[in-house]
Asker: 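This structure is in structure tokens; I'll ask about it shortly.
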Protein chains: 2
Amino acid sequence: MATERLDRGRVIDAAVALLDAEGLDALSTRRLGAVLQASANAMYWHVGSKDNLVGLAADAVFAELELNTDDNTSWRERLAATARELRTMFTGHSWLTSAFAAYPNTQGPALRRFQNHLLVVCRQAGFEGFDLDWAGATVFSFVIGDAWGQTQSSTPDDSSITTVDLLEQVKPDLADYPLLLERYTALSNADPAVVNNTSFEFGLCTLLDGLQAHLDHQDDKAQPDA
Amino acid sequence: MATERLDRGRVIDAAVALLDAEGLDALSTRRLGAVLQASANAMYWHVGSKDNLVGLAADAVFAELELNTDDNTSWRERLAATARELRTMFTGHSWLTSAFAAYPNTQGPALRRFQNHLLVVCRQAGFEGFDLDWAGATVFSFVIGDAWGQTQSSTPDDSSITTVDLLEQVKPDLADYPLLLERYTALSNADPAVVNNTSFEFGLCTLLDGLQAHLDHQDDKAQPDA
DNA sequence: ACCTGAACACCGTTCAAGT
DNA sequence: ACCTGAACACCGTTCAAGT
């Protein structure tokens, strides 16, 4: 009950809680002030600006990532685990992709920690030089893109309209695209959660196979007389 | 000079022009009204809401995509061309990734046309059933994620601070991550445009190799007695 | 049918003033 | 040092009123 003094940590925690609960649009200086039982401007002293606050909130979420530092695990397993961990973080905080898009200046220590981990695992796999960056960026891009798609489709809060009804609604627009209609129909009859997971795992497997192919090709060149 | 009557098309075109020139934040109802030499609310009659306008603007940009419908080209080339075309669109309209994130209700005809094309090419490759969706989603996710990363880093309009200066600034924060420091240093000495392209092409190649591996594995199962 | 002007309920941010 | 209250310049949207 006693309204204690504010500090940077409390402001960030409150912001993350508000973002998780009600999304990016709900985070306003006045709403946040109300949650903290303070004035709307109280946060300015602690975090400088709203842009900065969102960046700090994003980094706070990155800090929760559990990164496997066991070298004995195969690179493929480690990279898969890293990708899954990242994806879980993004889908668990649906405001994150939008936040990054709207407030690009997010380069906190937790993000760097993750970037470093990604590079370390890629190095373990056998990549060197710029290939380290490309391999890491490929995994990161895919996960972001996947999460981006997930958080898009999950917006219809109105559960009264089923996905089947929604399909019926778009049907006339799909007249020119029979294949698209076929796939929409199939997908709308499947469990969205399963669809999302299977889609992600397919992409992840595809990516890892592609990286493996790159490493094999590397070895061919390194040992031409094998 | 003569302020002609507004219509849906003119409103959308003006919105795209404003977005391209000054970004997502610059698009306000009042700014748009000024550009159109009309009141701030004139657009409401034509496009309903700002959310809807952004969706229409996004779809208008998707409509510009040139999709190769030549069946004689190999699926690998067609899929690569499709991915590159999509990426060029995203990087050419830097507000697009943010727009999708902020206004998810973007399901216009041009987007459907693209989705259908992506599926058609995947079918040509040899994918069937849900694998069509997964393969398409994998490519789409990667391109989105890549474009998302591109548009992030291109925000520093202030060209007075070089990337090298920026590196010097972050250096103390990278003390714990020698590998990350090494890569930051190498990247900051390279041409950003080349870096972006090479990174994308590496990822695209990785993806296509992975899809090829999936198709090979499919064939193994289909013809066990080969 | 198409558009305007005024109004409403919000924003992020600043800044003098308090403690 | 930390926080408040009032103020400024903006938003998206609605709606009666005009033509």
Side-chain angles (χ1 to χ4, degrees), chain A residues 1-19 21-58 95 98-106 155 157-158, chain B residues 1-19 21-58 95 98-106 155 157-158:
Chain A
M1 191 64 73
T3 309
E4 289 185 14
R5 202 139 235 228
L6 251 49
D7 62 44
R8 202 180 164 95
R10 274 192 62 208
V11 173
I12 297 172
D13 289 348
V16 172
L18 190 54
L19 288 165
E22 304 190 41
L24 191 58
D25 290 340
L27 181 68
S28 76
T29 57
R30 290 167 231 271
R31 284 272 276 136
L32 188 65
V35 169
L36 291 168
Q37 300 189 11
S39 92
N41 325 319
M43 53 151 285
Y44 278 88
W45 199 91
H46 297 282
V47 298
S49 71
K50 189 192 170 184
D51 283 36
N52 201 39
L53 174 59
V54 174
L56 291 167
W95 50 276
S98 311
F100 266 105
Y103 310 92
N105 302 338
T106 308
T155 32
D157 303 310
D158 190 358
Chain B
M1 190 63 75
T3 309
E4 289 184 17
R5 203 141 233 230
L6 251 50
D7 61 45
R8 204 180 164 95
R10 275 192 61 207
V11 173
I12 296 172
D13 287 349
V16 171
L18 190 53
L19 287 164
E22 304 190 42
L24 192 57
D25 290 339
L27 182 68
S28 76
T29 58
R30 291 166 228 274
R31 283 272 275 137
L32 187 64
V35 168
L36 290 168
Q37 299 189 12
S39 93
N41 325 320
M43 53 152 282
Y44 278 88
W45 199 90
H46 297 282
V47 297
S49 72
K50 190 192 169 183
D51 284 36
N52 201 38
L53 174 60
V54 174
L56 291 167
W95 50 276
S98 311
F100 266 106
Y103 310 92
N105 304 339
T106 309
T155 31
D157 303 310
D158 190 357

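Every chain is numbered from 1, with letters handed out A, B, ... down the list of sequences. Because only heavy atoms are used, hydrogens play no part in the values below, and waters and symmetry mates are left out as well, while side chains stay in.
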Asker: Kindly write out the residues that satisfy side chain to side chain donor-acceptor pair (under 3.5 Å) with B:Arg8, not counting sequence neighbours, or none if the list is empty.
Answerer: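 Once residues adjacent in sequence are excluded, B:Arg8 has no partner under the side chain to side chain donor-acceptor pair (under 3.5 Å) criterion.
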Asker: Is any side-chain heavy atom of B:Leu56 closer than 4.5 Å to a side-chain heavy atom of B:Val11?
Answerer: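 Side-chain contact under 4.5 Å: no.
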Asker: Show the nearest heavy-atom pair for residues A:Ile12 and A:Ala57, with the distance to one decimal.
Answerer: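 Nearest pair, atom of A:Ile12 first, then A:Ala57: CG2-CA, 4.1 Å.
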Asker: Mind listing the N/O atom pairs, protein and nucleotides 17-19 of chain D, below 3.5 Å?
Answerer:
none

Asker: Would you call B:Thr29 and B:Asn41 a side-chain contact if the rule is heavy atoms closer than 4.5 Å?
Answerer: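 B:Thr29 vs B:Asn41: side chains apart.
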Asker: Hey, what are the protein-to-nucleotides 4-6 of chain C N/O distances that come in under 3.5 Å?
Answerer:
residue	atom	partner	partner atom	Å
C:dT4	OP1	B:Ser39	N	3.4
C:dT4	OP2	B:Ser39	N	2.7
C:dT4	OP2	B:Ser39	OG	3.1
C:dG5	N7	B:Asn41	ND2	3.3
C:dG5	O6	B:Asn41	ND2	2.6
C:dA6	N6	B:Asn41	ND2	3.1

Asker: Using whole Å, what does the distance between atom C1' of nucleotide D:dC3 and atom CZ of A:Arg10 come to?
Answerer: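 The distance from CZ of A:Arg10 to C1' of D:dC3 comes to 13 Å, rounded to the nearest Å.
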Asker: Report the distance from atom CG of A:Leu27 to atom C1' of C:dC11, rounded to the nearest whole Å.
Answerer: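 So the two atoms are 12 Å apart, to the nearest Å.
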Asker: For D:dC3, does either OP1 or OP2 sit under 4.0 Å from a side-chain N or O belonging to A:His46?
Answerer: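 So the side chain of A:His46 is within the cut-off, an N or O lying under 4.0 Å from OP1 or OP2 of D:dC3.
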Asker: Rounded to whole angstroms, how far apart are NZ on A:Lys50 and P on C:dT13?
Answerer: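 Rounded to the whole Å, the gap is 8 Å.
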Asker: Quick one: closest heavy-atom pair of B:Val54 and B:Ala99, and the distance?
Answerer: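 Smallest heavy-atom distance, with atoms named: CG1-CB, 3.7 Å.
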Asker: Once you round to the nearest 0.5 Å, how far does OG of B:Ser39 lie from CZ of B:Arg30?
Answerer: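 Rounded to the nearest 0.5 Å, the OG-CZ separation comes out at 10.0 Å.
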Asker: Counting the atoms with a prime plus P, OP1 and OP2 as sugar-phosphate, which does A:Leu53 contact under 4.0 Å by heavy atoms, base, sugar-phosphate, or nothing?
Answerer: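 Nothing, no nucleic acid heavy atom in range.
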Asker: May I ask you to say what A:Leu32 touches in the nucleic acid, namely base, sugar-phosphate or nothing, with a heavy-atom cut-off under 4.0 Å?
Answerer: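 No contact.
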Asker: Can you tell me the distance, in whole Å, between the CG atom of A:Asp25 and the P atom of C:dG12?
Answerer: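 A:Asp25 atom CG is separated from C:dG12 atom P by 10 Å.
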Asker: What closest approach, in Å, do A:Leu27 and A:Leu32 show between heavy atoms, and which atom pair accounts for it?
Answerer: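 Minimum heavy-atom separation between A:Leu27 and A:Leu32: CD1-CD1, 4.2 Å.
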Asker: Going by the rule side-chain contact (heavy atoms from CB on, under 4.5 Å), which residues pair with B:Ala26 if we only count those two or more places apart in sequence or in a different chain?
Answerer: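 Residues passing side-chain contact (heavy atoms from CB on, under 4.5 Å) with B:Ala26: B:Glu22, B:Arg31.
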Asker: Give A:Ser28 one of three labels, base, sugar-phosphate or nothing, depending on what nucleic acid heavy atoms sit under 4.0 Å from its own.
Answerer: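 Touches sugar-phosphate only.
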Asker: Grab the two heavy atoms, one from A:Ser98 and one from B:Ala101, that are nearest each other, plus how far apart they are.
Answerer: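 So the two residues come closest at OG-O, 3.3 Å.
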Asker: Do A:Asp13 and A:Arg10 have side chains that get closer than 4.5 Å, going by heavy atoms?
Answerer: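 Result no, sub-4.5 Å side-chain heavy-atom pair not found.
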Asker: Return the value, rounded to whole Å, for the distance between atom CZ of A:Arg30 and atom C1' of C:dA9.
Answerer: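 From A:Arg30 CZ to C:dA9 C1': 11 Å.
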Asker: In dot-bracket form, how is DNA chain D paired, counting a Watson-Crick or G-U wobble pair only if both its distances are under 3.5 Å and using | for bases paired to another strand?
Answerer: ||.|||||...|||||.||
Asker: So which nucleotide from C:dA1, D:dC3, D:dA7 ends up closest to the side chain of B:Trp45?
Answerer: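 Of the options given, the side chain of B:Trp45 lies nearest C:dA1.
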Asker: Between atom CZ in B:Arg31 and atom C1' in D:dT13, what is the gap in whole Å?
Answerer: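 In whole Å, D:dT13 C1' lies 20 Å from B:Arg31 CZ.
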